[in-house]
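Structure first, then comments.
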Amino acid sequence: MSISCNEKEISIESKTTGLELLKDLGITAPDQGVAISINGVMKDFSDEIQPGDEVKIYSFADKEGKEVFWHTSAHILAQAVLRLFPDAEPTIGPVIEGGFYYDFANLKVTAEDFKAIEKEVKKILKENFATEKVTFNSKQEALDTFKDNLFKKEIITLLPDDGVFTAYRQGEFFDLCRGPHLPKVGKVKAFKILKSSAAYWRGDQERESLTRIYGISFPDKDQLKAHLHFLEEAKKRDHRVIGQKLGLFSFTEYAPGMPIIEPNGMVIWNELLKFWRQLHTEDDYVEIKTPAMMDKSLWELSGHFANYKENMYLSEIDKGTYAIKPMNCPACMLYFKSKRHSYRDLPHRVGEIGNVHRHELSGSLSGLLRVRSFHQDDAHIFMRKDQIKDEILGVLKLTDKLYSSFGLSYHLELSTRPETKTIGTDEDWDISTKALQDALETWGKGYVVNEGDGAFYGPKIDIHVSDALGRTWQCGTIQLDMSLPERFELKYTDENGEDVRPIMIHRALYGSIERFFAILIEHYKGRFPLWLSPKQISLLPVADRHIEECQKISTALKKQGFRVSIDTSNESISKKVRTAQMQQVNKMIIIGDKEVETSTLSCRDRDTNETQDSINLNDFIDALEVLRNSKA
């Protein structure tokens with residue numbers, strides 16, 4: 001008798017458990033054997049394995065391993081908190097990207113309490129409790145067990161009556177949980193509390209106020225040390241800090257989550273849009289602009305009102321209900337429908353830089369990364385069925401050209417049909433999903449599948465970019481949609497004179513331009529390449545008598561489209577250089593007596609910190625143009 005374990009055949013005498021299998025295989029390292037799946041379902045190591053089962057054992061390096069490791073760590077955190085603050089009420093403790101958190105009611109903590117909690121965590125880890133799964137016989141038994149915790153009772157009440165109700169015990173700590181967990185808590189070798197914040201039960205500002213404690217854990221101390229170093233580096237790149245320092249954007253209390261892009265930021269913003277328009281013109285897109293607010297009936301027709309109403313801004317006008325657009329798609333459907341189309345006109349590629357508004361919870365707002373008002377670089381491609389694959393490949397080529405210009409690597413994820421709240425037939429979904437898969441296979445750069453993470457109207461390809469620190473950000477998306485053309489009764493005339501429904505691609509490359517702006521700020525650490533930089537050149541006269549020469553040079557540079565400023569302050573030249581460096585100016589041109597006499601420049605480069613003397617102005621301009629045009 002045998003089982004398949006990590007795609008290898010392993011002999012077993014009879015049924016066994018995951019723990020026994022780990023022992024037989026000699027898997028004992030803290031970062032190994034942290035999670036197990038049996039026949040594709042995540043299980044506990046105490047669960048039985050039958051002959052013929054397909055088993056996979058995960059390490060901490062695996063996504064599944066991290067999730068189990070960090071969820072167990074959230075329980076360890078809650079256990080430590082309850083030992084020190086017995087009146088606290090535990091609610092939930094999920095895994096998030098880069099760690100976990102646990103929310104508590106009736107708890108107030110400060111940064112001074114973190115050390116005491118971490119000290120208690122170390123005690124728990126030394127006690128090395130085994131985790132034990134407890135299955136209740138009924139929903140009522142689960143309710144009775146957690147009768148003193150209103151939050152747990154609410155969770156249980158909302159679950160189906162015929163569901164499976166489980167909890168986990170480690171030492172004296174007992175918590176409602178579906179699991180699975182580490183076999184023993186001692187596998188956690190390094191633990192750190194990162195921060196605490198206020199939260200609301202179920203994210204509802206009208207509900208109970210909670211204290212959220214964030215943490216991170218690893219199977220060895222070196223990994224924790226490296227992670228904390230990474231967080232420090234990330235902190236130095238915080239776009240909110242850099243944005244304020246460089247005068248890129250700001251916020252006002254009168255419009256929460258709706259940024260003001262300041263003059264320096266507008267330079268970058270306009271360059272991003274200029275580049276976007278250049279690429280789309282080359283690929284035969286047309287550009288439109290659609291209304292910001294439209295009648296509710298449009299959103300009912302599109303399906304957004306039923307699926308997205310809670311995130312929309314509504315207003316009563318002329319005895320009717322209007323919505324500020326949260327998406328650009330429905331208006332583009334109206335544009336396409338307003339004209340007759342022949343099969344010869346397709347594909348028809350339509351782009352729009354549309355300002356959309358979505359009501360995000362105030363607690364989720366985060367600089368430019370999560371806002372309520374933002375601009376999407378949407379495009380909708382209307383095509384025949386036989387053009388699907390080529391059009392998707394065209395979008396992928398455009399995507400590659402765009403991201404590579406910023407030095408951003410990326411990977412692709414195919415998201416399939418969600419389990420609930422979708423529109424369209426099964427056949428439409430099958431055709432759409434296969435078309436995306438075929439295009440990705442032809443593209444040949446690899447992808448992963450996210451089951452059930454598609455949009456409500458169709459499957460999609462999500463584009464995740466990686467920045468200079470290796471962090472991934474979900475930016476662009478390519479979505480294939482047969483449903484909206486059906487809802488809006490779009491049509492074109494085929495070669496036989498018959499009306500035919502077009503297929504449509506939704507796609508965005510920047511995604512949210514505000515979010516992409518934030519990513520670039522952190523990617524470049526505020527040190528923008530020449531073509532994007534709001535302050536490309538600063539002329540630094542050594543004395544007032546050199547200002548006139550600086551003005552002549554400034555005029556010549558501006559004629560070639562460069563952004564130039566002159567520092568006419570009374571500061572020393574060394575202070576002027578430091579100021580320009582703090583402003584992340586790319587090129588600092590120092591003009592003194594020698595430069596005036598020889599009609600040359602002395603240029604200090606921001607990135608190399610090197611100074612080059614006796615440069616001819618025309619040669620300097622030529623070199624700058626090459627650098628700007630290359631987008632290096």
Side-chain angles (χ1 to χ4, degrees), residues 239 242-250 259-279 353 368 405-407 510 513-514 516-518 520-542 546-569 571 573 575-591 595 600-612 615-632:
H239 74 281
I242 294 174
Q244 183 179 16
K245 189 182 298 184
L246 298 183
L248 303 179
F249 66 91
S250 58
I260 296 170
I261 307 299
E262 299 188 356
N264 288 339
M266 280 304 300
V267 171
I268 300 170
W269 185 276
N270 288 331
E271 288 293 342
L272 292 176
L273 296 189
K274 179 182 175 183
F275 183 45
W276 184 91
R277 290 191 168 106
Q278 173 195 329
L279 292 181
I353 305 294
L368 295 180
S405 298
F406 298 100
Y510 289 143
I513 300 179
E514 283 81 353
F516 193 78
F517 191 4
L520 288 183
I521 294 171
E522 300 199 1
H523 176 58
Y524 293 127
K525 205 174 180 178
R527 299 163 68 86
F528 293 97
L530 185 76
W531 73 282
L532 276 178
S533 181
K535 294 182 177 291
Q536 295 175 324
I537 304 161
S538 183
L539 293 162
L540 312 178
V542 175
H546 305 125
I547 292 177
E548 184 178 350
E549 182 70 12
C550 287
Q551 290 170 338
K552 293 178 183 177
I553 296 169
S554 174
T555 299
L557 288 167
K558 286 181 177 179
K559 280 184 179 179
Q560 302 304 315
F562 292 104
R563 295 182 280 275
V564 188
S565 63
I566 303 174
D567 187 343
T568 58
S569 67
E571 303 291 348
I573 196 66
K575 181 67 182 296
K576 290 180 179 181
V577 168
R578 283 197 299 274
T579 299
Q581 287 174 325
M582 290 178 65
Q583 294 173 342
Q584 300 298 348
V585 177
N586 300 73
K587 306 288 183 180
M588 292 152 271
I589 299 176
I590 301 168
I591 301 297
E595 286 75 25
T600 60
L601 315 174
S602 177
C603 178
R604 183 179 179 86
D605 186 86
R606 179 198 67 188
D607 297 321
T608 65
N609 281 325
E610 295 177 353
T611 301
Q612 186 178 354
I615 304 173
N616 177 272
L617 176 58
N618 290 331
D619 291 342
F620 180 69
I621 290 174
D622 289 343
L624 279 184
E625 286 182 335
V626 170
L627 184 61
R628 178 177 61 185
N629 295 338
S630 69
K631 294 183 169 56

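Not a single donor-acceptor pair under 3.5 Å links the side chain of Ser554 to the backbone N or O of Cys550. At least one donor-acceptor pair under 3.5 Å links the side chain of Gln536 to the backbone N or O of Arg563.
For Arg578, the side-chain hydrogen bond (donor to acceptor under 3.5 Å, both in side chains) criterion is met by no residue, not counting sequence neighbours. Under the rule for a ring pair (Phe, Tyr, Trp, His ring centres under 6.0 Å), the partners of Trp269 that lie at least two apart in sequence or sit in another chain are His375. Contacts of His239 classified as ring pair (Phe, Tyr, Trp, His ring centres under 6.0 Å), with partners at least two apart in sequence or in another chain: Phe249. In this structure, Glu571 has no side-chain hydrogen bond (donor to acceptor under 3.5 Å, both in side chains) partners at least two apart in sequence or on a different chain. Remark: Arg628 engages no residue in a side-chain hydrogen bond (donor to acceptor under 3.5 Å, both in side chains) (not counting sequence neighbours). By the ring pair (Phe, Tyr, Trp, His ring centres under 6.0 Å) test, Phe620 pairs with no residue at all, sequence neighbours left out.
Annotation: the span from Gln551 atom CD to Thr568 atom OG1 amounts to 9.0 Å, rounded to 0.5 Å. If you take CG on Leu246 and CZ on Arg527, they are separated by 11.0 Å, rounding to the nearest 0.5 Å. Atom NZ of Lys535 sits about 13.0 Å away from atom CZ of Arg606, to the nearest 0.5 Å. Distance check, rounded to the nearest 0.5 Å: CG of Leu272 to OG of Ser405 gives 11.0 Å. To the nearest 0.5 Å, the span separating OG1 on Thr600 from CG on Asp619 amounts to 11.5 Å. One finds the OG atom of Ser569 at 8.5 Å from the CG atom of Leu540 (value rounded to the nearest 0.5 Å).
Nearest heavy atoms, Ser538 versus Val585: N-CG1, 3.5 Å. In plain terms, the two heavy atoms of Phe528 and Pro534 that are nearest each other are CD1-CD, 4.3 Å. For the pair Ile573 and Pro541, the tightest heavy-atom approach, listed with the atom from each and the gap, is CD1-O, 4.1 Å. Shortest non-hydrogen contact noted between Ile615 and Cys603 is CD1-CB, 3.7 Å. For the pair Asp605 and Thr608, the tightest heavy-atom approach, listed with the atom from each and the gap, is OD2-N, 2.9 Å. Of all heavy-atom pairs spanning Glu514 and Pro259, the tightest one is CG-CG, 4.1 Å.
Side chains of Leu273 and Ile513 form a contact here, defined as non-hydrogen atoms less than 4.5 Å apart. You'll find the side chain of Leu617 reaches within 4.5 Å of the side chain of Ile553, heavy atoms only. In this structure the side chain of Lys274 never reaches within 4.5 angstrom of the side chain of Arg277, judged on heavy atoms. Counting only heavy atoms from C-beta outward, the side chains of Thr611 and Ser602 approach each other to under 4.5 Å. At a threshold of 4.5 Å between non-hydrogen side-chain atoms, the residues Leu248 and Ile521 count as touching. Looking at Trp531 and Leu627, their side chains never come closer than 4.5 Å, going by heavy atoms from C-beta outward. Annotation: side chain of Arg604 is in contact with side chain of Val577 (closest heavy-atom distance under 4.5 Å). Looking only at side-chain heavy atoms (C-beta outward), Leu557 and Leu624 come within less than 4.5 Å of each other.
Heavy atoms from other residues, nucleotides or ligands lying under 6.0 Å from CE of Met582 number 12 at most. Annotation for Glu625: atom CD counts as buried by contact number, over 12 foreign heavy atoms lying within 6.0 Å. More than 12 heavy atoms of other residues, nucleotides or ligands sit less than 6.0 Å from atom CD of Gln560. A 6.0 Å sphere centred on CD of Gln244 holds no more than 12 heavy atoms belonging to other residues, nucleotides or ligands.
Across Gln583, Gln581, Lys576, a single residue satisfies side chain to side chain contact (heavy atoms under 4.5 Å, CB included) together with Thr579, and that is Gln583.
No close placement of the Phe406 and Tyr524 rings is indicated, their centers lying 6.0 Å or farther apart.
Looking only at atom types and distance, the side chain of Asn586 has a donor-acceptor partner in the side chain of Ser533 under 3.5 Å away.
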